[in-house]
*Asks:* 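Quick one: the structure is below, and I'll ask about it shortly.
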There are 2 protein chains.
Amino acid sequence: MQIDLLDTFLDLAETRSFHRTAERLRITQSTVSARVAALEQAVGSRLFDRSRAGTDLTPEGKRFEPHARALRHEWNEAQRRIKIPQGAQHLLRLGIQNDLAAVYLGDWVAEFRAAFPETAFYIEPDYSNQMCADLLTGILDFAVMFSPKPHPDLHFDSVGEVTYRMISTETPRLAEVRSDRFVFAHFSPAFEEMHRQTTPDLAGAPVSVGQSGSVVSLLTAMGGSGYVLAKTASDLIAGGRFMAVKDAPDLRQPVFAAIHIRHRTLPLHRRLTQLVARHFR
Amino acid sequence: MQIDLLDTFLDLAETRSFHRTAERLRITQSTVSARVAALEQAVGSRLFDRSRAGTDLTPEGKRFEPHARALRHEWNEAQRRIKIPQGAQHLLRLGIQNDLAAVYLGDWVAEFRAAFPETAFYIEPDYSNQMCADLLTGILDFAVMFSPKPHPDLHFDSVGEVTYRMISTETPRLAEVRSDRFVFAHFSPAFEEMHRQTTPDLAGAPVSVGQSGSVVSLLTAMGGSGYVLAKTASDLIAGGRFMAVKDAPDLRQPVFAAIHIRHRTLPLHRRLTQLVARHFR
DNA sequence: GGTCTTGATCGATTTTCCCGATCAATAGCC
DNA sequence: GGCTATTGATCGGGAAAATCGATCAAGACC
């Protein structure tokens, strides 16, 4: 199995014509034929129905397509993720909780770079579950997340918490916040639970999203009320359109630094954890 | 990039000896050398440090390893998942919530097979998040899960609910259940929340797991109390060691059938949904 | 200093890949 | 019906790549 075969397969699945695929990939039609045949032999199933009146995927081909895409994607990722940018000595691959990336990423990376000038950083905002999986397989070296997923091979350090504040385009008083104009947030299971406990009547809001950024764009577009990161709240209130819902309780989401257990004692990782923790004191 | 190269890389990463890898793969050492060189050229980085006193992965090589495993795994999966077993006309790929698989899978599959005798089934117990992702990429055709993850391309049907019942080796009375002997369960975010609301004093239990099966094995090994599937509860109580905690509220976890939106109207999927729903009436 | 083991390298052979040309089958058109 | 354009399959030859076996140089070990 080669990447060429996958590319040919995927292109052919799109064009449904051996000739057009040959043209697009700058190869001859006979080569397309041969590559498809080779791939079919490799997977052990016929992938295309060929007829004079066009080509189409077989059921097997349809099932193979997502896997072909996954393989292609994984190969791209592999290439991107292993190289150290020139000039750097090391490469650190960091995962950052989606919600935190937008607000904190810039500051953090500036500090990381100051602390480790010789190190290049590969950063990917993602969700807790995915980051835990990537730490386990070794695709990530270090991650900052909301929801630690207990696992014998993962180590979590609490690094503080982040505050969510309720803002509104309509009222500064919690009692006047209408649940049908409220954007409910499920940033993490723990956050959602706190949310329901403190303001159960708003839990039935018709709109529910999982990112602070999405809450902001919804509120900006349609007006209403909802929880956003404290830092974002200040900016929006300063902008004039929003006001703080002052008697609504602030919600605090704990933040964790996560690493694979085998790196737990590395000074590098301790230092990273410290830097992140400083932001929440 | 070819599978052979990945296999060679992974074997060499294990043996750290060109000769031993050559032996194990039944090729010559010069071929190992050439394959490694080919892979290194393909990824654009040196993957091994060769020295007289042994071979070892470079930092790039270490980072490449998880990707190599992922590629290898994906290729295996692709081969397994596309073939229709002989004699069958179609192949349906089903995902089933981990917790439900152990108890319901047998019955369901028996019914599915009776309803679609011409169809082969590929079944994989998994978690909601992963199943949603697999439905989106087309790796799964149909899934039964606890936690629907809203997405424009996914369609969810409620098919009923499953009941969790508290059992104990120690007492039939809720008031006497000790939180330090309780196994807290987080089968789904929704379940966890209900759990906390109905029995908040047990929420601080020192042991918390995410599968009904794990709860059972923990309770069997160490004794104590916890929620398990009603069906399992009956079996365990009949076994004699456990008793029902009668005044503990039953917890109901909603169950959903999920499909990709483009298959929503297929009669096949409607029928599957009906069959699953029948089990919860 | 001799011997063993390491991975790299070279040349020969086999295998694979690719192209260009051709073929058979069909669709569309007159 | 007959003509033409288009479909993918097939074949032969040449180029490229993979593989093997043998050899080599460099360090480890005794």
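Just so it is clear, the model here is predicted, and its values are computed rather than measured. A, B, ... follow the sequence lines: proteins, then strands. Residue 1 opens every chain.
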*Asks:* Can you measure B/Asp56 atom CG to C/dT6 atom P for me and round it to whole angstrom units?
*Replies:*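 My rounded result for the distance is 15 Å.
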*Asks:* Would you please confirm or rule out a distance under 4.0 Å between OP1 or OP2 of D/dA9 and any side-chain N or O of A/Ser30?
*Replies:*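 No.
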*Asks:* Could you check how far CD of B/Gln2 sits from P of C/dT15, rounded to whole Å?
*Replies:*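 Going from CD in B/Gln2 over to P in C/dT15 covers 16 Å.
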*Asks:* Using whole Å, what does the distance between atom C1' of nucleotide D/dT19 and atom CZ of B/Arg26 come to?
*Replies:*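 The distance from CZ of B/Arg26 to C1' of D/dT19 comes to 17 Å, rounded to the nearest Å.
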*Asks:* Does B/Arg50 make a side-chain N or O approach to OP1 or OP2 of C/dA8 shorter than 4.0 Å?
*Replies:*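 True: B/Arg50 side-chain N/O within range (under 4.0 Å) of C/dA8 OP1/OP2.
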*Asks:* Is it the case that A/Arg20 and A/Thr15 place a side-chain donor and acceptor less than 3.5 Å from each other?
*Replies:*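 Looking only at side-chain atoms, A/Thr15 and A/Arg20 do not form any donor-acceptor pair under 3.5 Å.
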*Asks:* D/dA18 P sits how many Å from B/Ile3 CD1, rounded?
*Replies:*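 The answer, rounded to whole Å, is 15 Å.
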*Asks:* Taking only N and O in the side chain of A/Gln29, is any of them less than 4.0 Å away from OP1 or OP2 of C/dC19?
*Replies:*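 For C/dC19, OP1/OP2 do not have a side-chain N/O of A/Gln29 under 4.0 Å.
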*Asks:* The side chain of A/Ser33 lies closest to which of these nucleotides: C/dT6, D/dC20, D/dT10?
*Replies:*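 Per side-chain heavy atoms of A/Ser33, the pick is D/dT10.
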*Asks:* Once you round it to whole Å, what is the distance between P of C/dG7 and CG of B/Leu12?
*Replies:*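 Distance check: B/Leu12 CG to C/dG7 P gives 8 Å.
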*Asks:* Exactly one of B/Arg63, B/His67, B/Arg69 should register a side chain to side chain contact (heavy atoms under 4.5 Å, CB included) with B/Glu65. Which one does?
*Replies:*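 Exactly one pass, corresponding to B/Arg69.
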*Asks:* Can you see if the side chain of B/Thr28 gets near the phosphate of D/dC20 - specifically, an N or O under 4.0 Å from OP1 or OP2?
*Replies:*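 Yes, because at least one side-chain N or O of B/Thr28 sits under 4.0 Å from OP1 or OP2 of D/dC20.
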*Asks:* Rounding to a whole Å, what distance do you find between B/Leu39:CG and D/dA18:P?
*Replies:*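 These atoms are roughly 12 Å apart.
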*Asks:* Any side-chain N or O of A/Arg35 under 4.0 Å from OP1/OP2 of C/dC18?
*Replies:*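 Yes, such a contact exists.
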*Asks:* Quick one: which of A/Arg72, A/Arg35, A/Arg24 gives a salt bridge (Lys or Arg N to Asp or Glu O under 4.0 Å) with A/Asp11?
*Replies:*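 Of all the options given, the one that passes is A/Arg24.
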*Asks:* Just the rounded figure in Å: distance from P of C/dC19 to CZ of A/Phe18.
*Replies:*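 Nearest whole value for this atom pair: 15 Å.
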*Asks:* Rounding to a whole Å, what distance do you find between A/Arg46:CZ and D/dG8:C1'?
*Replies:*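 Checked: the CZ to C1' distance equals 10 Å.
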*Asks:* Does A/His19 put a side-chain nitrogen or oxygen below 4.0 Å from OP1 or OP2 of D/dT6?
*Replies:*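 So the side chain of A/His19 is outside the cut-off, no N or O lying under 4.0 Å from OP1 or OP2 of D/dT6.
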*Asks:* For B/Thr58 and B/Arg46, which heavy atoms make the closest approach, and how far apart are they?
*Replies:*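 Nearest heavy atoms, B/Thr58 then B/Arg46: OG1-O, 2.8 Å.
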*Asks:* Rounded to the nearest 0.5 Å, how far apart are OG1 of A/Thr31 and CG of A/Leu25?
*Replies:*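 Answer rounded to 0.5 Å: 10.0 Å.
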